Amino acid sequence: MILLLRIAATHVRNRLRQTVVSTLGVALGVGFSVAMASLMEGSQRDFMATLIEAIPHVEILDEQRAPRDQPASLKYDAVVFHGLRPKEDLRGIRNPTEALASLRDWVGGMLAPRLSGQAVLRYSGQDIGLTLIGVVPRRELAVSKIGEDMRLGSFNDLDTTSNGLVIGDKAASRLGADLGDTVTLTSANGVAKRFKIVGLFHTGITTSDEGLAYAPLKAVQILLEKPDIINSISIHLNRIKDANEVAARAERQLGYKAVSWEEANEGLMEAFFVRNVIMYTVVGAILVVAGFGIYNIVSTIVHEKAKDIAILKSLGFPEGDIQRIFVLEGLVIGVLGAIAGSCLGFALSSYLATVKFELTTDVEMTRLPIHFSVYHYVIACLLALFSSAIAGLLPARKAARLNPVDIIRGAT
Amino acid sequence: MSAAPQPKADTPLLEVSGLTRILPAVVPVTLVKDVTFTVGESEFVAITGPSGSGKSSLLYLLGLLDRPTKGEVRIGGSPTHDLSSAEMAHLRLEKLGFVFQFHFLLPEFTALDNVLIPMQRLGKLSRKAQEEHARGLLADLGLEAFLHRRPEQLSGGQRQRVAVARALANSPDLILADEPTGSLDSAATEQVFESLQKIVERQGTTVIAVTHDLELAARMARRIHLVDGMVDFDRRS
Ligand SMILES: Nc1ncnc2c1ncn2[C@@H]1O[C@H](COP(=O)(O)OP(=O)(O)O)[C@@H](O)[C@H]1O
Ligand SMILES: [Mg+2]
């Protein structure tokens, strides 16, 4: 094999210019692939990190995954009832204290109970509808980023002010209300209660800033006439990887639907997957193009070296050896290109990582998020080697099949 | 046509019987027709005949570079017609050596490398022994000063002697030469011829050489004359 490699290297070395050009082709392919992959994975990770901080890792909801069995179907086996309406059900997680305590036993993370419902906020003759979330402030701060989004006042004041209210800055400006003002909230059942604005938040998400309000859990339970009931538990895990497991176990234990952040963002995960597929398709396409360069040079060598092929065959080199020599020639270029491309890719992504952007929008991205991973290099290099092996194989098979007698006759 | 002489050894080195090669075409071309002869160890055989009489074609068949349409070639008593191409290649590597009219050296390798390559492929000797053997072969042929020259830096006679050294690399039983002196001047012809003669006399290797030089043919122990792809006569001098 060393001998074959030596012969291959000699052929390649003697066509230096073409070799350099096709090596550059592979190197550019690998280099840009690596840079693109590190940028794409970097932005994906950046986005995920932001997302994971902002949303609960597991959320237990007051729903069942399957609709409830009707009493009749429990009693009779093969009977189908039409037109039955389920009994009016006072939704919500009953015995929240007990549920929370049983979860706290084994869940590694923070738990926050919530009761949310619709309410109308009235101030100086104007109404807006919003989603009112009853929270235990201490716990809510541990599972969400609302604390960081506060612009005025303090989320913790909900703890000390039993009728405190935190609303979005957009809602406040629509109503003309300000910190310290007293507003009226009315539930769907017509219960009204006065609240005092103790804080304003700004998340950057308009629907939240216009349509969300936080109040102490007790106050919301009274307003919505759901004493001692909550309708969700948010969990912020210490180890995010456990999310699916924790969700499944919590669901088995409590009988309520528990959704992990991955399940909740399934569409997003699919989008990322599709994005990666597209990326590697592009990478593959680049390397196929680089493969054409290799095919071209190896074909040329096979053509020019027909006499040498005949010599080697007459000396007793079997067809397999001849094929290997020319596959190796493709691989030599592929390996050189992969090495040069890895260096280029590293240089390119290192440079991109230092580029700074001055953006004045709310979502600030001061730097391109570059993620360095050895996998990007391994995948790009493997694809490059695969492509160069195929590109070498096609002319190599032709070389192996050359009939030495034809060539020897032709040369004399 | 005269009868082939009986070989000296019990198992002849090379047995050819009814060898025929027809090129399939709209009008098939018969290159070699019903050739039968036997060659023993340490023979020096000339193959002569007019141009186009099938001398080269016969040599390619003997050297397992081509397959006959009919008949067979036995080497060391073993038939070769049912060998795979890889097995044939191995037999060429181990038992046969070729010298062609034009040198057919690998242009990018030095004289020494050209001789080393078949040894390295066979891999029977240690690296050191290979190197020693190759240097010895080239020195025997008066080429010790040209070990590191590439073919383009050598004269025609020197190249052809490198080709002879390469044919000897794996100590073959049989060397097949197709007009080895065909493109050389008389001085170089003499050198190459003498080197082949020495191989037969000193090492007992059999050499079959195609030549159109009847003076040279007369200096060889046996001459097989072809006409139209058939053996016209086969006689010892
Ligand atoms: N591929 C081929 N197609 C047609 N004719 C061929 C081919 N190869 C050889 N021949 C013919 O076969 C004959 C024998 O050729 P060759 O063995 O080279 O003769 P020699 O070596 O005695 O000059 C010649 O007439 C040659 O023209
Ligand atoms: Mg000829």
Side-chain angles (χ1 to χ4, degrees), chain A residues 1-19 297-298 300-329 332-333 396-412, chain B residues 21 23 31 51 55-57 59-61 63-67 83-110 113-123 127 130 150-151 163 166-167 169-170 172 176 178-179 182-183 210:
Chain A
M1 205 62 174
I2 290 168
L3 175 59
L4 302 185
L5 187 61
R6 224 179 111 213
I7 295 171
T10 308
H11 288 171
V12 171
R13 209 180 320 121
N14 281 307
R15 325 203 99 260
L16 202 59
R17 219 185 61 221
Q18 263 185 302
T19 304
I297 177 173
V298 177
T300 310
I301 294 175
V302 167
H303 191 74
E304 281 182 1
K305 291 290 172 192
K307 194 171 147 188
D308 294 40
I309 294 166
I311 295 170
L312 290 170
K313 281 192 157 185
S314 75
L315 289 177
F317 282 69
E319 286 177 11
D321 277 13
I322 306 296
Q323 184 168 319
R324 257 169 242 135
I325 287 173
F326 291 96
V327 170
L328 279 173
E329 288 178 15
V332 164
I333 296 169
R397 284 165 50 137
K398 216 177 102 192
R401 283 199 295 259
L402 283 180
N403 181 1
V405 168
D406 291 344
I407 296 160
I408 293 167
R409 269 192 203 283
T412 44
Chain B
R21 176 69 167 111
L23 282 182
L31 305 177
S51 184
K55 306 182 294 293
S56 296
S57 305
L59 217 63
Y60 301 145
L61 290 169
L64 309 179
L65 285 172
D66 196 10
R67 287 175 189 263
L83 295 181
S84 71
S85 72
E87 286 167 331
M88 282 190 173
H90 193 73
L91 213 56
R92 280 202 295 277
L93 184 66
E94 241 191 337
K95 300 244 158 88
L96 305 177
F98 286 96
V99 182
F100 297 103
Q101 177 175 4
F102 297 98
H103 62 86
F104 273 84
L105 297 174
L106 294 173
E108 286 138 338
F109 291 88
T110 62
D113 278 335
N114 264 285
V115 178
L116 276 170
I117 282 171
M119 293 189 223
Q120 288 170 346
R121 180 61 188 82
L122 187 63
R127 285 193 78 85
Q130 288 174 4
R150 274 183 282 119
R166 184 182 62 187
N170 287 332
L176 300 164
D178 193 357
E179 305 199 27
S183 55
V210 170

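Keep in mind that this is a model prediction, so the values were computed, not measured.
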A:I408 vs B:L65 side-chain heavy atoms within contact, under 4.5 Å: yes
When you compare the side chain of B:P107 with that of A:D308, does any pair of heavy atoms fall below 4.5 Å? yes
Of B:F104, B:F98, B:Y60, which meets side-chain contact (heavy atoms from CB on, under 4.5 Å) against A:S314? B:F98
Find the distance between [atom1] ([X]) and [atom2] ([Y]) and round it off to the nearest 0.5 Å.
X: B:L106; Y: A:K305; atom1: CG; atom2: NZ; result: 8.0 Å
X: A:K313; Y: B:R92; atom1: NZ; atom2: CZ; result: 8.0 Å
X: B:I117; Y: A:I311; atom1: CD1; atom2: CD1; result: 9.5 Å
X: B:Q120; Y: A:R6; atom1: CD; atom2: CZ; result: 5.5 Å

By a 4.5 Å heavy-atom criterion (distance strictly below it), what part of A:I7 contacts chain B: side chain, backbone, both, or neither? both
Does any backbone or side-chain atom of A:L315 lie under 4.5 Å from a heavy atom of chain B? Answer side chain, backbone, both or neither. both
Region of B:L122 in contact with chain A, defined by heavy-atom distances below 4.5 Å: neither
Part of B:S57 lying under 4.5 Å from any heavy atom of chain A: both
Enclosure of A:R15 CZ (heavy-atom neighbours >12, cutoff 6.0 Å): yes
Minimum heavy-atom distance B:L31-A:R409, with the two atoms named: CD1-NH2, 3.8 Å
What pair of heavy atoms forms the shortest contact from A:V405 to B:D66, and how long is it? CG2-CB, 4.1 Å
